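For reference, the structure is listed below as structure tokens.
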Amino acid sequence: MILITGGAGFIGANFVLDWLADSDEPVINLDKLTYAGNLHNLASIEGDARHLFVQGDIGDRALVAGLLAEHRPRAVINFAAESHVDRSIHGPEDFIQTNVVGTFHFLEEIRAYWNAMEGIEKAGFRFLHVSTDEVYGSLGPDDAAFTETTAYAPNSPYSASKAASDHLVRAYHHTYGLPVLTTNCSNNYGPYQFPEKLIPLVMMNAVAGKPLPIYGDGLNVRDWLYVGDHCSAIRAVLAAGKAGEVYNIGGCNEKTNIDVVRTICAMLDALHPGSPVTPHEKLITHVKDRAGHDRRYAIDAHKIERELGWRPQETFETGIRKTVAWYLANPDWVANIATGEYRHWVEKQYGSQA
Ligand code: NAD
Ligand code: DAU
């Protein structure tokens, strides 16, 4: 079996669902269930004996040691993290605690587990750490895309904490020989994304007739990847990636934020003409920019394509169409996620601007 962490969050839950749709290998899913963890994401596999959910912290060494000893996973995939840049600006501490200290404690237990292995079991073991393109910093309009050898230059408390965890993972390979794989991926979108992130936030607000907040001039660029493509890339890296290597994962879909929001608005005009305000673009509102807002991210994904034969299946147009359709078809999931904590966050972040 495999052990994954953060599997009740956006990407982790998509990964678990895709994994079990594709294979009978069981998954232990360790997740703390922070505000971002949501068991509704896993409702379709409720009662499935191949999925064992455990609520807990990656930094809880006794718990992690017990899970490893009892289940003896052949691989571990670490999705668990605090993941939202704006929250890291308001309060960095949780990011340091989980992404840095938590990853350190987790790695220590993985190292002890792997050290005690022997033979084929030891040789085949892998620890895959899921990271982000944000560790590479910000690009100018004409700069080449990030490669696996681009120097780290994180700009937010979030990206600095992810960079620190990446460095720890690298050091555990270099110093102790732990067979690690690191993936650095661009912006994901798709089903089950918590609506604090741009795409689900815009969709939720648009159908409710609320303002669509665009930070600054809206010309910041992100490289968007459909979450199912990220999951297939992780499966490819786990199956055939070389221990100690880093793989960049990207969608080859650079878009400005304003273009992303306009595309969603146009889709909703066609698919949801009954919204309180149409055309939905009328709701676009420019608000105060994010502090230290990175201007552009772009991923060069040639290495994973060349070495592992992976490339994204979705274009932005096909992926965003699926995503908009999913959110419209799942109003119960959206209603469930709009908890008190979520409303509190919206008030704190956007105040009277949205
Ligand atoms: P998310 O915030 O939706 O989910 C994170 C999950 O981790 C939640 O279920 C949460 O409960 C769990 N978690 C948090 N702290 C924990 C702890 N201490 N112990 C155990 N579980 C804990 O995040 P996401 O968007 O699904 O991102 C998953 C991973 O992918 C993160 O490591 C993130 O940095 C990385 N990533 C995300 C994106 C993106 O666009 N969302 C892109 C590249 C990389
Ligand atoms: O690049 C990968 C990263 O992508 C991941 O590592 C992070 O976990 C993930 O959250 C995401 O970070 P971003 O900051 O790029 O994503 P977010 O959805 O928060 O914002 C996308 C862009 O949209 C960014 O330029 C900020 C802008 N934005 C965001 C929000 C929430 C707005 O203009 N308005 C908003 O209300």
Side-chain angles (χ1 to χ4, degrees), residues 4-15 29-39 41-42 54-60 63-64 77-89 94-95 97-99 101-103 105-106 129-136 138 146 156 158-159 161-162 165-166 183-190 192-202 205 211-225 227 230 234 249-250 255-258 260-261 284-290 293-299 345-346 349-350 353-354:
I4 80 154
T5 70
F10 162 49
I11 303 172
N14 275 284
F15 184 86
N29 182 354
L30 172 64
D31 194 298
K32 187 176 175 182
L33 294 182
T34 67
Y35 78 91
N38 180 0
L39 287 177
N41 298 353
L42 301 164
V54 178
Q55 184 172 3
D57 194 317
I58 55 167
D60 180 340
L63 173 67
V64 170
I77 307 177
N78 187 30
F79 291 96
E82 289 292 337
S83 72
H84 187 35
V85 174
D86 294 313
R87 285 187 192 253
S88 82
I89 295 168
D94 286 347
F95 290 73
Q97 204 50 50
T98 282
N99 300 0
V101 181
T103 304
H105 286 304
F106 194 54
H129 179 63
V130 178
S131 192
T132 169
D133 59 0
E134 300 203 11
V135 297
Y136 298 121
S138 184
F146 302 130
S156 71
Y158 162 68
S159 54
S161 68
K162 290 294 290 187
S165 67
D166 295 5
T183 55
N184 291 90
C185 187
S186 62
N187 283 63
N188 283 217
Y189 65 98
Y192 305 111
Q193 187 167 28
F194 193 80
E196 64 189 352
K197 309 281 169 67
L198 179 70
I199 287 180
L201 177 86
V202 161
N205 281 10
L212 311 180
I214 304 281
Y215 297 162
D217 61 10
L219 297 180
N220 302 66
V221 172
R222 297 292 182 266
D223 175 357
W224 293 96
L225 180 72
V227 65
H230 188 184
I234 290 172
I249 303 169
K255 305 273 175 211
T256 61
N257 293 337
I258 192 75
V260 167
V261 173
I284 291 177
T285 309
H286 287 264
V287 299
K288 188 166 167 280
D289 208 353
R290 172 185 282 174
H293 197 175
D294 284 339
R295 194 63 173 169
R296 174 178 165 237
Y297 304 140
I299 279 278
W345 164 252
V346 170
Q349 171 69 358
Y350 302 98
Q353 289 185 298

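Atoms within each ligand, like the ligands themselves, are counted from 1 in listed order. Worth saying up front: this structure is predicted, and the values here are computed from it rather than measured.
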Does at least one non-hydrogen atom of [X] fall below 4.0 angstrom from an atom of ligand 1?
{"X": "Ala8", "value": "yes"}
{"X": "Thr5", "value": "no"}
{"X": "Ser186", "value": "yes"}
{"X": "Ala13", "value": "no"}

key: Per-residue contact class, Asn257 against ligand 2 - non-hydrogen pairs under 4.0 Å   =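 Answer for Asn257: side chain.
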task = Run the numbers for me: atoms of ligand 1, each under 4.0 Å from some heavy atom of Lys162, listed by number.
result =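 By the 4.0 Å cutoff, the relevant atoms are 31 (C), 32 (O), 33 (C), 34 (O).
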State the atoms of ligand 2, each with its element, that fall below the 4.0 Å cut-off from a heavy-atom position in [X].
{"X": "Leu201", "answer": "36 (O)"}
{"X": "Pro213", "answer": "32 (C), 33 (O), 34 (N), 35 (C), 36 (O)"}
{"X": "Tyr158", "answer": "5 (C), 6 (O), 7 (C), 8 (O)"}
{"X": "Asp133", "answer": "1 (O), 2 (C)"}

Would you check the N or O atoms of [X], main chain and side chain alike, for any that come under 3.5 Å of an N or O of ligand 1?
{"X": "Gln193", "value": "no"}
{"X": "Leu30", "value": "no"}
{"X": "Tyr158", "value": "yes"}

message = Going by the closest heavy atom to atom 17 (P) of ligand 2, which one wins out of Gln193, Arg290, Glu134, Glu82?
response =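 The residue whose heavy atom sits nearest atom 17 (P) of ligand 2 is Arg290.
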ask   = Is the backbone N or O of Phe95 less than 3.5 Å from a side-chain atom of Thr98, with the two atoms forming a donor-acceptor pair by type?
value =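 No.
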